[in-house]
Amino acid sequence: MAGLSPDGGTPAAAAAVAAAATETAAPDVAAVAAIVGQVYRPVTSLGPGRRLGVWFQGCTLACPGCMSRHTWEATGGRELTVERFAALWRAALADGLDGLTVSGGEPLEQPAALAALLAAADAERRRAGRPADLLVYTGWEPEELAADPVTAAALDGADAVITGRYRAGQPTRLAWRGSANQRLTTRTALGRERYAPYLDHRPERPELQVRVSEGEVRVIGVPRPGDLGRIERDLVRRGVTLRETSWRP
């Protein structure tokens, strides 16, 4: 059985036959853990450079047209403790990766876990002396963040944030954004340095990563309208039959 799965989340696209974390761990002694659908590296299509990607599991926003439907169910993922995440991030930094991208799902539905992971990421990059940036995707709108500062505080550790619901009727060519309403906001000096060239950048084609493993095809990135259909048709020509795709209801 094959599936097709863009692993970006809302707003970044993510689709899969089944959500299964690539990393699991024993319960953390501090009892702070994220429920995630996937951890993967290197990610080169959701932020600048080579990155560690973490996709949170669970999203009640349920944007129409979302290609991340497999990330909606809160019970569909696996536990990732802060301790295990720190080890993965430490290894990523040692291998020269440039940043961390957190998507989903909706990370702000697990605000304590998000804040803990970002704090651990910052501590590890300081220890390693690496200017690796921290990018978070959220479907929350800026006015919703302003109205709920307690939840929004979970984003305080991020260098840059991409906000806003995915709106299928507002396609865009803006880098790393799924619809024209979504905003890329820098929050730190490192964020401004790293993301300033991309605030209004419109690449000719978005970069997509395709990986095949254990009966699943995963596409990491933010496809434009028609991209997934073209990938699906190409797979059929290569003899790959897709039984399920999570971007379709």
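Under the 4.5 Å side-chain heavy-atom criterion for grouping Ile, Leu, Val, Met, Phe, Trp and Tyr, L174 is not connected to L46 through any hydrophobic cluster. Side-chain heavy atoms closer than 4.5 Å link hydrophobic residues (I, L, V, M, F, W, Y) into clusters, and following such links, even through other members, never connects I35 to V32. Neither V102 nor L190 shares a network with the other; the hydrophobic side chains, linked directly or stepwise wherever heavy atoms of I, L, V, M, F, W or Y lie under 4.5 Å apart, form separate groups for each. Under the 4.5 Å side-chain heavy-atom criterion for grouping Ile, Leu, Val, Met, Phe, Trp and Tyr, V240 is connected to V210 within one hydrophobic cluster.
Taking R173 as the reference, nothing meets the side-chain hydrogen bond (donor to acceptor under 3.5 Å, both in side chains) condition, with sequence neighbours excluded. Remark: R238 pairs with D234 by the salt bridge (charged side-chain N to carboxylate O under 4.0 Å, His left out) rule, at least two apart or across chains. With sequence neighbours left out, the side chain to side chain contact (heavy atoms under 4.5 Å, CB included) criterion links A160 to L135, L184, Y195. Partners of T188 according to the side-chain hydrogen bond (donor to acceptor under 3.5 Å, both in side chains) rule, which considers only residues two or more places apart in sequence or in another chain, are D159. The side-chain hydrogen bond (donor to acceptor under 3.5 Å, both in side chains) check on T151 picks up D148, with sequence neighbours excluded. Every residue meeting the side chain to side chain contact (heavy atoms under 4.5 Å, CB included) condition with R130, not counting sequence neighbours, appears here in chain and number order: L93, D98, A128. Every residue two or more places apart in sequence or in another chain that forms a side-chain hydrogen bond (donor to acceptor under 3.5 Å, both in side chains) with E73 is listed here: T75. A search for salt bridge (charged side-chain N to carboxylate O under 4.0 Å, His left out) contacts involving E193 returns nothing, not counting sequence neighbours. Under the rule for a side chain to side chain contact (heavy atoms under 4.5 Å, CB included), the partners of R233 that lie at least two apart in sequence or sit in another chain are R230, R237. Under the side chain to side chain contact (heavy atoms under 4.5 Å, CB included) criterion, Q170 pairs with R167, S179, A180, N181, not counting sequence neighbours.
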Given the rule in the side chain to side chain contact (heavy atoms under 4.5 Å, CB included) test, do V161 and L145 qualify, once you have shown the distances and angles that lead to the verdict?
-> CA-CA 12 Å; V161 179; L145 295 172; 5.5 Å; no
Assess whether side chain to side chain contact (heavy atoms under 4.5 Å, CB included) is satisfied between I231 and L208, documenting all intermediate values.
-> CA-CA 10 Å; I231 292 173; L208 300 175; 4.1 Å; yes
Under the side chain to side chain donor-acceptor pair (under 3.5 Å) criterion, do R51 and T101 qualify, and how do the steps go?
-> CA-CA 7 Å; R51 313 177 67 80; T101 296; 2.7 Å; yes
Could you go through the side chain to side chain contact (heavy atoms under 4.5 Å, CB included) check for W89 and L134 one step at a time?
-> CA-CA 11 Å; W89 177 234; L134 312 180; 3.9 Å; yes
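Between S45 and V43 the shortest side-chain heavy-atom distance falls below 4.5 Å. A heavy-atom distance below 4.5 Å is not found between the side chains of I162 and V136. Side-chain contact check for R165 versus L61: some heavy-atom pair is nearer than 4.5 Å. For the pair C66 and W72, the minimum side-chain heavy-atom distance is below 4.5 Å. A 4.5 Å side-chain heavy-atom check between V219 and D227 finds every atom pair outside the cut-off. In this structure the side chain of P48 reaches within 4.5 angstrom of the side chain of W176, judged on heavy atoms. A heavy-atom distance below 4.5 Å is found between the side chains of L155 and R187.
A pairwise comparison of heavy atoms in P206 and V222 identifies CB-O, 3.7 Å as the closest pair. Heavy-atom minimum distance, A168 versus P64: CB-O, 4.1 Å. Annotation for A146 and P149: closest pair O-CD, 3.8 Å, computed over non-hydrogen atoms. Heavy-atom minimum distance, L100 versus F85: CD2-CZ, 3.8 Å.
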Residues 116-124 side chain polar contacts: donor-acceptor under 3.5 Å, at least two apart:
residue	atom	partner	partner atom	Å
D122	OD1	R125	NE	2.9
D122	OD1	R125	NH2	3.1
D122	OD1	R126	NE	3.1
D122	OD2	R126	NE	2.8
E124	OE1	R90	NE	3.1
E124	OE1	R127	NH1	3.1
E124	OE2	R90	NH2	3.1
E124	OE2	R127	NH1	2.9

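T60 and E106 share no donor-acceptor pair across their side chains, judged by distance under 3.5 Å alone. Side-chain contact annotation: T44 with R50, donor-acceptor N/O pair under 3.5 Å absent. The closest side-chain donor-acceptor pair between Q57 and T71, if any, does not fall under 3.5 angstrom.
Between the side chain of E144 and the backbone N or O of E141 there is at least one donor-acceptor pair closer than 3.5 Å.
Applying the salt bridge (Lys or Arg N to Asp or Glu O under 4.0 Å) test to residues at least two apart or on different chains, the pairs with a partner in residues 32-47 are R41-D95.
The distance from the CD atom of E109 to the CZ atom of F56 is 11.0 Å, given to the nearest 0.5 Å. The structure places CZ of R177 at 10.0 Å from OG1 of T163, a figure rounded to the nearest 0.5 Å.
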